Amino acid sequence: MAAPLKAEYAFDTEDLESSGKIVKFVILKKHEEHDAARERELASFEETMLPHMDAAHNLAKWLLRNEQDAQDVVQEAYLRAFKSFSGFHGSNGRAWLLTIVRNTSYTLLKKNRAVDLTTTFDEEIHAIDHESASPATILEHAEDAELIREAMDELPAEFREILALRHQEGLSYKEIADIAQIPPGTVMSRLARARAKLKEYLAARIGKEK
């Protein structure tokens, strides 16, 4: 995985602990009936979902490119997740939560009329040799995390998203397909295009600096 990507937007320990307390507080304020069943549900929710808060924040930050918006989206996503938690019966809590974070992030992007939501490309052309560009290859021209962040910020949201999910969070194609609500084949072709575009931006930025 591309560690430099993770380093740029990861929570530190204090941020994670503080945000967890904030999420818990907000949930309790929204649901003031403190009966035993509700307490057990909250405890189960915390155990299952709070460990994935850093992943939720990272995805929101890559998509929104704004710290305050990312924090707001994570809080809203956790509230939505808690409201729907009784219907969660799977084993992959991270993928389930990231789906909610993604949908909440895109709702905000559309509300703000963001113009970089998607980009068109030929699925057949870019489905070929989709694993040829490894994370190491993508980063071979980059000297620091800041350069990568700047290049990532130039990409459409769908490319920032898929690079973060694959190389930062290490999710499988199936998990990404479930989160992004697209076929696995589209995941592979979109990832190939995202890698290629990232390398183009990195090469362009490095060329300007020479």
Side-chain angles (χ1 to χ4, degrees), residues 1-2 5-6 9 48-49 51-65 69-70 73-74 76-78 80-81 83-85 87-139 148 151-202:
M1 289 186 289
L5 292 182
K6 187 150 190 156
Y9 286 141
T48 305
M49 297 300 164
H52 307 307
M53 185 172 288
D54 57 344
H57 177 267
N58 286 337
L59 177 58
K61 185 62 179 287
W62 280 118
L63 281 172
L64 301 170
R65 298 179 292 188
D69 286 346
V73 159
V74 168
E76 176 63 25
Y78 265 89
R80 293 184 182 184
K83 292 176 182 178
S84 305
F85 188 61
F88 173 69
H89 303 295
S91 58
N92 194 337
R94 180 173 62 162
W96 185 74
L97 176 64
L98 290 182
T99 300
I100 298 175
V101 172
R102 176 191 186 272
N103 292 340
T104 306
S105 296
Y106 272 94
T107 296
L108 182 60
L109 285 172
K110 291 174 182 177
K111 180 180 178 181
N112 293 339
R113 298 182 180 180
V115 297
D116 70 334
L117 290 177
T118 61
T119 188
T120 57
F121 57 96
D122 190 314
E123 296 283 354
E124 293 184 2
I125 293 175
H126 294 286
I128 299 174
D129 198 24
H130 62 272
E131 285 292 356
S132 62
S134 67
T137 302
I138 294 174
L139 302 176
I148 298 170
M152 283 279 287
D153 281 350
E154 296 291 333
L155 299 175
E158 64 179 12
F159 285 177
R160 300 196 302 272
E161 168 188 62
I162 205 162
L163 286 170
L165 290 175
R166 179 61 176 170
H167 296 306
Q168 187 175 9
E169 300 303 330
L171 298 181
S172 67
Y173 293 132
K174 183 180 185 306
E175 288 174 319
I176 296 173
D178 291 341
I179 292 170
Q181 302 165 32
I182 56 177
T186 302
V187 171
M188 293 187 288
S189 56
R190 187 173 295 176
L191 183 60
R193 181 68 181 276
R195 288 166 170 168
K197 293 301 291 184
L198 180 60
K199 287 196 292 183
E200 286 179 17
Y201 281 119
L202 286 172

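Just so it is clear, the model here is predicted, and its values are computed rather than measured. All values below come from the heavy atoms of this structure, side chains included, with hydrogens, waters and symmetry mates left out.
- One finds the OG1 atom of T48 at 6.5 Å from the CZ atom of F88 (value rounded to the nearest 0.5 Å).
- Rounding to the nearest 0.5 angstrom, the gap separating the CG atom in L64 from the CG atom in L59 is 8.5 Å.
- At least one donor-acceptor pair under 3.5 Å links the side chain of R94 to the backbone N or O of E169.
- Nearest approach of I162 to V187, heavy atoms of both residues: CD1-O, 3.4 Å.
- Minimum heavy-atom separation, R166 to L171: NH1-O, 3.0 Å.
- Atom-to-atom distance recorded for N92:CG and I179:CD1 is 7.5 Å, nearest 0.5 angstrom.
- Here the closest heavy-atom approach between residue Q168 and residue W62 is recorded as OE1-NE1, 2.6 Å.
- Under the 3.5 Å distance criterion, the side-chain polar atoms of R160 are left unmatched by any main-chain donor or acceptor of M152.
- Residues L165 and E175 are not in side-chain contact: their nearest non-hydrogen atoms beyond the backbone lie 4.5 Å or more apart.
- Pairing each heavy atom of L97 with each of A56, the nearest pair is CD2-CB, 4.2 Å.
- A cation-pi geometry, defined here as NZ or CZ lying under 6.0 Å from the six-membered ring centre and within 45° of its normal, does not hold between R195 and F159.
- Of all heavy-atom pairs spanning A77 and I100, the tightest one is O-CG2, 3.6 Å.
- A side chain to side chain contact (heavy atoms under 4.5 Å, CB included) with K197 is found for exactly one of L202, L155, L163, namely L155.
- Remark: E158 CD to L63 CG distance equals 10.5 Å, nearest 0.5 Å.
- Summarising the geometry, atom OG1 belonging to T107 is positioned 11.0 Å from atom CG belonging to N112; distances are rounded to the nearest 0.5 Å.
- The two residues A151 and Y201 have their closest heavy-atom pair at CB-CB, 4.0 Å.
- Atoms CD1 and CD1, on I182 and I176 in that order, are 8.0 Å from each other to the nearest 0.5 Å.
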